[in-house]
Amino acid sequence: MLYVSALSLLVIASGPLLGHAQTIVAVNGTASHPIPKTLWGLMYEDISHSGDGGLYGERLQNRAFQQVAPGTTQALNSWSAIGGALIEVVADTIPLSSALPNSLQVLIPEGAGEVGVENSGYYGIEVNPAWTYNASFFYRFPSILPSGSIAANISLVGAESRTTFAASSVTLNPTADWTQVTTSLTPNSSASDINNTFTVTLDGAAFSGVVNFGLFSLFPPAWMGQENGMREDIAQALFELKPSFFRFPGGNNLEGESIATRWQWNATIGPLVNRPGRVGDWGYVNTDGLGIYEYLIWIELMGMQPIMAVWSGYALGGASVPEADLAPYIEQARQQIEFVVGNTSTPGGALRASLGHSKPFILNYVEIGNEARFTCDFISAAPSTYRSYRWASFVDALQNEYPSIRFIATTRYNNPVLAPKPKSYDLHVYQTPTWFRQNGGYYDSVTRDGTTFFEGEYATTSTNSSNLYGIPEQGRLIYPTVQASVSEAVFMMGFERNSDIVFAASYAPLLGHVTEHQWTPNLLSFDSEQVIKSTSYWVQQMFSANKGDWYLPSTLANTAGTLFWSVVKQDTPLAFILKISNAGTATASLVFELPSAVASSGTLIQLQGSATDSNTPDNPNLIVPVTSTIAAKQNLTFTAPALSLSVITVPLA
Ligand code: LX5
C-alpha cells in the first residue's frame, strides 16, 4: 500500500499578505522509493504515417508498389505520368524479387519529348539544399531494348512551378535484367514550400517503348547517419525527450486485420528487395523498410531500451489461432527474441551478426500481444482465448527459454484473471482532462505484491467523457491543448508517486502526419518538412528531463481540486525537483516545506497558456516552456499561474 503519513493532511492556510488561500506542502526527507530509470519513454506503432512517411527516412510513397492490385489506380498512389508517358503498375513477368512482384511499367510514345514519371512523396517533399539525397531505382526493358545506352534524368522539381532544384543524369543500359542505378541529388536552393516531386524522365527522341521500374528511393541524410535510418528532425525531436524506452511495433499495428497480415519480424529484415511489406492495421501499406533491425539499431543510438511486442495468436479482424495450431507462432516469437538477444551460435544471433550487430541487443521487456483486454469488443474472442490458452501458451514457452526477460500481459489488471499470474501488465487509457486529474491516484491503492505496471498508452483524446473517440464537433482533440497537457501531468505525477510499481509510461500515439492520420491527438505532428511539438510533448519533456532519482512523499493533493504537485530528489547535481500542475483558471499559491536547506536560487521551467491553446502547423511554437531563475529557500513559496505546469529545481545547500 502507498506510503502515507501525517504529511497527507492537506493544509490550506490563508496567505495573510496574498489575501488568498495558500496550500502548504510538507515534504518528507526520506524517500519512499527510487524512480526507475525506465519511467519515461515512447510508444510507437505505424499509425497516421508514423513510420512510412514519418520516422522512416524514405521520402517516396509507394516506392515499390507493395501489396497493391496491379492495373488499378490505387496501385499508382503518389505516382503520375509526365508528358505523354503511359504508366501502369503491372505484375512483372520477371519480378524484381519474389517479395516485390509488381513494377511500374512506363510506355514512352514514339517521338515524345522528355517524358516519364513523378512521385509526390508523403503529401509533399522537402527540398533542402543542405542535404545530399541518395536516389535510386531498378529498371529493365521487358520487350524492345534500346539500341544503346540511354540517359535518364532524376530530379527534384516544383510540382506547380516545375522549377528544378536538383538533377542528375544516369545511364540505362539496354538490358531485360533488373539493374539498379543510384545517384545523389544536392539541391541548388530550397523550395518555397513542400509541393515538390521526384521525377524520372527519359528523352522520347532517344527511345520509344516500354521500360519497367522497381523499388525507387529518395533518402536524405538519416539521423546520426544510420543506414536506412530515421528522418533527422523527427528523430532529433524524440531524442530531446530523453526517452528511456521504445515500445514497438504496436499497438494495433502488431496484430494485423488477419493472421496473414500480422506484423512478422522476419519479413522486415535483410535487403529491401526481399521485404514484401504488408497491409497495416491503419488503412495503408507498410513498406517494412523500417524493420526490426533498423528499430533496434536506432533504439541503441537513442540510448533507449526496447519494450518489444510479439504477436500472440489474435488478429484484429477477430480470428484467434486455435490452441492446437499455436506452435509455429510461438516459435516465430521465440525466433524474434533470439534475433534480438541470441548469441551468435544461434541462428537468430548469427542472422543479427550477419547484418552487422554481433553483440546481442538489450531486451528486458517483451509484451505478449496488444490490448487483449477488450471484453467489450463484440466481434472479438481476444480476451477469452488470451485467458483460456494464448497467454499461458506463449509465456510458458518464452519464459522458459528466456528466464531473464519480464513478459508483460496486455489485459486489464486481473481482468480476466490469467494463469500463470503475470509479473507485469500494460494498461491503456484514453480519457478527458477531468478524468486524468481525478485519477492521479489510480495506482495509490494497488496491492504491492510484486506485480508491476507499464502504462503503455495514455492521452487526453476528448473533452467529452461520453464520446472519447468521436469527432472534433463532439469534443475530440486534433492537437493536445494546455488544459489536456497540464491534466495529463497530474496522471504522470501519479506514476512518479507509484513508481515502485509503475516502471514505465508512454503517451500515445506518438506521431501523426497532419495531412493523413487515423487518430488524433498525437504527441508530435508533422508534415514533410516540419515537426510540431505539442503541449503534451513539452509536458513529457519536462518530466523526462527532470525525472529525479528518488520519490519524496509529500502532502497529498485533493483529487477533486485543480492544484497538484510532486517532489523528487536528484542525486547529481543534488537537488529537489518540484513539479506543480495548476489546471485551474486562477493563480494558486503554495508553500513547500522542504526537508533540508537549499540554495538561495533555483531554476523554473514553466509551460503556461489558455485552456484551448495548442501548437499547430500554422503556429507550432505558440506554447513552449520558458526557463528562468527563481529565488529559493527551505520554505519555498510559489505562485502557480493558471493552466500551467511548473518544474522547479532547487539545489541543496
Ligand atoms: C488504440 C489502442 C491508438 C491505438 C491501440 C493503439 O494508440 O494501436 O493499442 O486503438 S484502438 O483504441 O482503436 O484499439
Side-chain angles (χ1 to χ4, degrees), residues 41-52 54-55 238 245-257 261-263 278-284 286 295 307-312 314-319 365-383 386 408-413 425-432 435-436 453-462 464-471 474-480 484 488 491 504-513 516-525 534 536-537 540:
L42 309 177
M43 184 287 177
Y44 167 91
E45 67 174 319
D46 201 341
I47 180 176
S48 305
H49 286 290
S50 298
D52 288 318
L55 184 57
L238 296 176
F245 68 83
F246 189 73
R247 176 187 177 216
F248 84 107
N252 286 6
N253 207 41
L254 164 80
E255 302 178 74
E257 273 311 300
T261 59
R262 69 192 188 280
W263 182 84
R278 58 182 284 255
V279 177
D281 289 82
W282 295 100
Y284 55 91
N286 296 173
Y295 286 126
I307 296 184
M308 182 177 77
V310 294
W311 192 74
S312 67
Y314 169 76
L316 272 178
Y365 299 100
V366 168
E367 281 204 58
I368 307 289
N370 175 59
E371 289 207 342
R373 67 182 179 135
F374 268 118
T375 50
C376 60
D377 185 326
F378 57 84
I379 60 168
S380 153
Y386 196 83
I408 304 171
T410 58
T411 56
R412 287 194 173 89
Y413 178 36
Y425 285 86
D426 171 13
L427 305 184
H428 301 171
V429 62
Y430 295 97
Q431 264 292 351
T432 65
W435 187 94
F436 280 111
F453 298 88
F454 168 30
E455 191 76 27
E457 299 178 27
Y458 66 96
T460 308
T461 50
S462 175
N464 176 352
S465 57
S466 59
N467 202 325
L468 294 169
Y469 304 105
I471 53 175
Q474 297 156 333
R476 181 74 176 255
L477 301 183
I478 301 298
Y479 299 99
E488 287 151 10
F491 200 54
S506 44
Y507 181 103
L510 180 62
L511 294 162
H513 198 294
E516 193 201 320
H517 47 256
Q518 293 78 33
W519 187 286
T520 63
N522 299 290
L523 197 67
L524 282 151
S525 300
S534 72
S536 289
Y537 168 94
Q540 292 285 326

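All ligand and atom numbering here is 1-based and tracks the order in the structure. Everything numeric here is computed off the predicted structure, so don't read it as measured data.
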*Asks:* Say whether P509 and ligand 1 are in contact under the criterion: heavy-atom distance to a ligand atom below 4.0 Å.
*Replies:* yes
*Asks:* Any idea which of Y430, Y44, W519, W282 brings a heavy atom closest to atom 7 (O) of ligand 1?
*Replies:* Y430
*Asks:* Are Y537 and Y507 packed together at the side-chain level, in the sense that at least one heavy-atom pair is separated by less than 4.5 angstrom?
*Replies:* no
*Asks:* Can you see whether E45 engages N253 through a side-chain donor-acceptor pair at a distance of less than 3.5 angstrom?
*Replies:* no
*Asks:* Report the part of Y507 in contact with ligand 1, treating N, CA, C, O as backbone and CB onward as side chain, heavy atoms under 4.0 Å; options are side chain, backbone, both, neither.
*Replies:* neither
*Asks:* Can an N or O of N253 be found at a distance shorter than 3.5 Å from an N or O of ligand 1?
*Replies:* no
*Asks:* Please indicate whether any nitrogen or oxygen in R247 is less than 3.5 Å from any nitrogen or oxygen in ligand 1.
*Replies:* no
*Asks:* Have a look at ligand 1 and work out which part of M43, if any, has a heavy atom under 4.0 Å from it: side chain, backbone, both or neither.
*Replies:* neither
*Asks:* Suppose I only count heavy atoms of E371 and a 4.0 Å limit; which atoms of ligand 1 are within that range?
*Replies:* 2 (C), 5 (C), 9 (O), 14 (O)
*Asks:* Could you tell me which atoms of ligand 1, counted from 1 in the order shown, lie closer than 4.0 angstrom to a heavy atom of G251?
*Replies:* 8 (O), 9 (O)
*Asks:* Mind listing the closest non-hydrogen atom pair of Y386 and S312 along with its distance?
*Replies:* CE1-OG, 4.1 Å
*Asks:* Are side-chain N/O atoms of E488 and T460 paired as donor and acceptor at under 3.5 Å?
*Replies:* yes
*Asks:* Kindly confirm or rule out an N or O of Y469 lying under 3.5 angstrom from an N or O of ligand 1.
*Replies:* no
*Asks:* How are the rings of H49 and H513 set relative to one another: parallel (under 30°), tilted (30 to 60°) or perpendicular (over 60°)?
*Replies:* perpendicular
*Asks:* Cut-off 3.5 Å, side chains only: do N370 and E255 have a donor facing an acceptor?
*Replies:* yes
*Asks:* Heavy-atom contacts with E45 under 4.0 Å: which atoms of ligand 1 show up? List them by number with element.
*Replies:* 3 (C), 4 (C), 6 (C), 7 (O), 8 (O)
*Asks:* Determine whether the side chain, the backbone, both or neither of D281 has a heavy atom under 4.0 Å from any heavy atom of ligand 1.
*Replies:* neither
*Asks:* Do you know which two heavy atoms are closest between L468 and S462, and how far apart they sit?
*Replies:* O-CB, 3.7 Å
*Asks:* Which heavy atom of D46 sits nearest to which heavy atom of D52, and what is that distance?
*Replies:* OD2-N, 3.1 Å
